[in-house]
Amino acid sequence: MGLSALNDAAEHAGLKPHMALADARAILPSLTVHPAEPTADGKMLERLAQWCGRYSPWVSMGSIEKENDPTLSLEGAGGAGIWLDATGCAHLFGDEKAMLADMATRIEKLGFTARIAMADTLGCAWAVARFATNDPPWRTVPSGNTCEALAPLAITALRLPPATVLALHEVGLRYIEDLLDMPRGPLAARFEKEVRLRLDAALGKSAEPLSPILPTVPLVSRLTFAEPIGHRGDIAAATRKLLEKLCAILEKQGQGARQLVLSVYRPDGSTARVTVGTARSNREPDHLLRLFAEHLDEIDPEFGIDEMTLFAAVAGPMEVAQTSLQRGAAIQSTDRFNAVVDRLTNRLGPGSVRQARFRESHIPERAAGFGPVDRKDAEQTDQENTDTPRPLRLLRPPEEIEAVAESTDGPPLLFRWRRVLHRIQRCEGPERIAPEWWCDDNNNTRDYYRVENETGQRFWLFRNSETSWYIHGLFG
Amino acid sequence: MPRDTFSPDTIAPPFSRHRVSKGSQPMEDLRAHIRALEKPGWAAEEKLFSLGIPEIDRQLPTGGFVPNALYEVLPDQPVDAGAATGFCITLLAALLKHRKGCIFWCLNESATDAGEIYPPALASYGLDPRRLTIAKIKRDMDVLWAMEETLRSNAFTAVVGEVKEISMTASRRLQLAAEENEVFALLLRPAMKEPGLSAAVQRWRIKAAPSHPQGFAVTLNEPGSSCWDTTLFRSRGGTPGTWLMEWCNETDHLALAAPVCDRPDQPHKASLTG
């Protein structure tokens with residue numbers, strides 16, 4: 001068992017990372033030990049890296065070291081940190097120093113101790129952050145001063161494996177300035193290539209790319225034309241190409257598009273865009289193209305289109321298999337169903353394709369209705385709980401009628417709806433439905449009557465507490 | 001083809017082989033052949049469905065309702081919209097009784113003006129509301145487009161559209177789409193005196209009829225089961241007919257109802273007292 005990370009007090013007592021726990025206890029008997037949780041640490045670091053997205057969109061976790069040397073922990077001088085490419089970001093916070101100060105304060109508020117450095121190269125920033133910052137815990141290396149900043153630092157600051165550092169120490173090379181003037185050839189021959197690579201990277205003589213954890217250009221495909229295009233057929237073909245490219249990207253990420261935005265750019269700088277949505281995540285170019293086909297006519301190419309982009313504005317994980325869309329008796333080919341729902345939705349408008357929904361309520365218009373296919377209501381239930389007859393067609397909202405009743409609380413005798421007089425032959429009721437006082441302030445009790453007129457039409461009438469009559473539906 | 005090349009051989013009847021038969025056999029064979037010719041190719045015997053009323057099936061040229069064709073239902077008066085909807089639902093329920101599948105229903109406020117379908121009532125006509133997908137559409141044009149799109153999608157077993165105006169061409173398109181994709185298509189139209197021409201294989205006019213309450217309902221004077229006065233005013237290859245139907249909620253089936261007769265509501269007191 002060994003030590004993975006230390007706090008300042010332990011370091012002052014002379015403990016070092018990777019030291020055996022028994023040795024550490026011998027040096028410092030009062031040592032408090034907690035088990036190391038590398039996975040949790042990694043996750044925390046990732047969350048912190050995402051949080052750093054507020055400073056720069058180009059954030060990466062420093063896991064390079066970990067790959068080279070698995071014994072290195074996340075903490076400590078050799079451990080991982082977070083890289084930010086802050087090019088062009090500092091002015092948003094005033095200047096570079098203000099940005100770093102802000103960052104240090106905020107990270108401290110989050111409960112972490114951070115050391116921050118900003119430099120021309122990743123290597124220099126790494127070295128300065130770990131070996132040349134103390135108070136304040138941040139430092140900026142002015143552009144062009146990389147060499148000067150690095151020179152007084154120990155060789156360890158070059159992100160070298162411990163064995164290499166030891167070998168360099170043996171020949172008396174202790175500080176980076178010792179290495180600066182040495183010819184690169186013998187250095188590479190004597191020590192591993194690593195020393196030269198790290199040194200050159202830190203000095204900015206060789207490039208060191210940084211891959212961000214968040215892709216800044218997500219799920220987008222682009223097509224630029226040498227000659228502006230204008231034919232509908234050309235636009236359709238280009239859309240198809242874009243879709244194929246985008247679907248390949250989506251497939252790599254295991255995602256499907258929920259909403260796609262097709263933008264066209266004209267040479268005069270004007271743009272046009274078309275948006276389509278899908279009911280479920282989808283990455284079938286053929287299907288998506290059919291959705292666009294409806295809207296391609298809306299694109300006016302004017303004097304031509306010289307660039308087109310397709311952007312998956314909303315993407316979601318693909319549902320690989322789905323046994324049944326609805327519970328109960330309905331079994332259908334969900335693929336075909338989704339495809340047709342998408343086409344209908346794109347022409348008729350979002351939310352126009354609906355399915356039956358039931359809710360725990362006694363108010364007829366609230367108890368059942370139709371809701372969008374792709375969204376489920378939180379308070380919906382599976383069952384309709386009515387044994388009493390309900391009309392086949394419900395008028396929303398109920399229409400006020402003139403009616404004559406036997407008495408103020410008796411059944412209706414005749415009524416006039418849409419200028420037609422109906423004499424009631426048979427009548428059933430009242431079915432009293434009390435208001436739901438807990439969810440609305442309309443405290444009108446309704447007395448429902450199922451009535452049949454002399455020609456056999458059946459209606460659903462109600463009288464509210466104010467004795468006005470309404471027709472609410474038609475029976476079959 | 002010039003008149004003079006018109007030879008009897010070129011139009012030799014396909015059933016010429018029957019000439020060799022003797023007795024009543026040729027007549028029977030001929031009748032069978034004519035029946036086969038008259039019976040549309042889309043009416044496969046095993047796919048037919050029935051409302052459960054043999055009298056109607058007998059009157060249809062195919063001996064039952066064809067599942068892949070266009071039907072049309074009209075209410076007699078605007079207030080009969082409920083009855084017409086009820087008849088549509090029983091047709092759909094009969095279709096889906098022995099097969100799986102879903103229904104697509106285009107609601108069109110501008111056409112029917114009688115509110116929207118209310119899911120809880122569907123179950124009492126034998127239809128599971130969860131098998132229903134609806135679209136709320138404002139224009140007839142969009143309804144026709146949506147119907148054709150869903151008919152050709154193979155995702156539904158039945159497609160219903162509420163349409164006010166439909167041209168012969170549009171209905172022909174729907175009929176072809178229904179036939180090719182083996183989908184049941186139904187047009188529910190508002191009440192109108194002159195509904196125009198239509199390619200639907202059957203056109204029904206539905207009118208509500210006074211119900212016959214039974215048991216306690218008689219004494220309480222409550223409405224009984226739904227009764228519809230139905231008229232099949234166009235039937236492709238068949239004869240029109242009129243039936244009085246009654247939806248029996250308890251047994252979940254449609255039956256012919258006896259017309260109401262006139263009789264005193266109470267027995268003669270004289271006969272009781274002697």
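Chain identifiers are assigned alphabetically (A, B, ...) following the order of the sequence lines, protein sequences preceding nucleic acid strands; residue numbering begins at 1 within each chain. The structure presented is a predicted model; accordingly, all values stated were derived computationally and were not measured.
- Side-chain contact between B:L186 and B:L91 is present, with at least one heavy-atom pair separated by less than 4.5 Å.
- Of all the listed residues (B:A84, B:P78, B:P213), the one sharing the greatest number of non-hydrogen pairs under 4.5 Å with chain A is B:P213.
- Contact tally against chain B (heavy-atom pairs below 4.5 Å) for A:P364, A:A339, A:P389, A:G473: the top residue is A:P364.
- Looking at B:L96, there are no atoms closer than 4.5 Å to chain A (heavy atoms on both sides), in backbone or side chain.
- Residues A:P285 and A:L243 share a closest heavy-atom pair of O-CD1, 3.8 Å.
- Looking at A:N453 and A:R423, their side chains never come closer than 4.5 Å, going by heavy atoms from C-beta outward.
- For B:D229, no part sits under 4.5 Å from any heavy atom of chain A, backbone or side chain.
- Contact of A:R354 with chain B is made through backbone and side chain together, with heavy-atom distances under 4.5 Å.
- Proximity to chain A is limited to the side chain of B:I137, based on heavy atoms less than 4.5 angstrom apart.
- If you tally non-hydrogen atom pairs under 4.5 Å between each of A:E365, A:R393, A:E428 and chain B, the highest count goes to A:R393.
- Comparing A:R396, A:E452, A:R347 by heavy-atom pairs within less than 4.5 Å of chain B, the highest count is held by A:R347.
- The aromatic rings of A:W460 and A:F475 sit perpendicular, their planes meeting at an angle over 60°, well past the 30° parallel limit.
- In this structure, CD in B:E162 is found 10.0 Å from CD in B:E116, a value given to the nearest 0.5 Å.
- Highest contact tally toward chain B, considering only A:L474, A:L394, A:L344, is held by A:L394 [criterion: heavy-atom pairs under 4.5 Å].
- Contact tally against chain A (heavy-atom pairs below 4.5 Å) for B:C88, B:A208, B:G86: the top residue is B:A208.
- Judged by a 6.0 Å distance limit and a 45° cone about the ring axis, A:R390 is not positioned over the six-membered ring of B:Y118.
- Ring-plane geometry between A:H472 and A:Y448 is classed as parallel, the angle between the planes falling under 30 degrees on a 0 to 90 degree scale with a further cut at 60.
- Looking only at atom types and distance, the side chain of A:Q457 has a donor-acceptor partner in the side chain of A:T455 under 3.5 Å away.
- Contact annotation for A:L348: only side-chain heavy atoms (C-beta onward) come within less than 4.5 Å of a heavy atom of chain B.
- Contact of B:Y125 with chain A is made through the side chain alone, with heavy-atom distances under 4.5 Å.
- Taking the six-membered ring where the residue is Trp, the centroids of A:F459 and A:Y449 are separated by 6.0 Å or more.
- The part of B:W145 that comes within reach of chain A is its side chain, from C-beta onward, which places non-hydrogen atoms under 4.5 angstrom from that chain.
- Using a 4.5 Å cut-off between heavy atoms, B:A146 contacts chain A through both its backbone and its side chain.
- Ring geometry for B:F65 against B:W204 counts as parallel: the plane angle stays under 30°, on a 0 to 90° scale with 60° as the upper cut.
- Judged by distance alone, the side chains of A:D409 and A:S407 do bring a donor and an acceptor atom under 3.5 Å apart.
- Heavy atoms closer than 4.5 Å to chain B are found nowhere in A:E399, neither backbone nor side chain.
- Among the candidates B:A121, B:S124, B:A135, B:P223, the residue making the largest number of heavy-atom pairs closer than 4.5 Å to chain A is B:P223.
- Contact tally against chain A (heavy-atom pairs below 4.5 Å) for B:T90, B:D142, B:T157: the top residue is B:D142.
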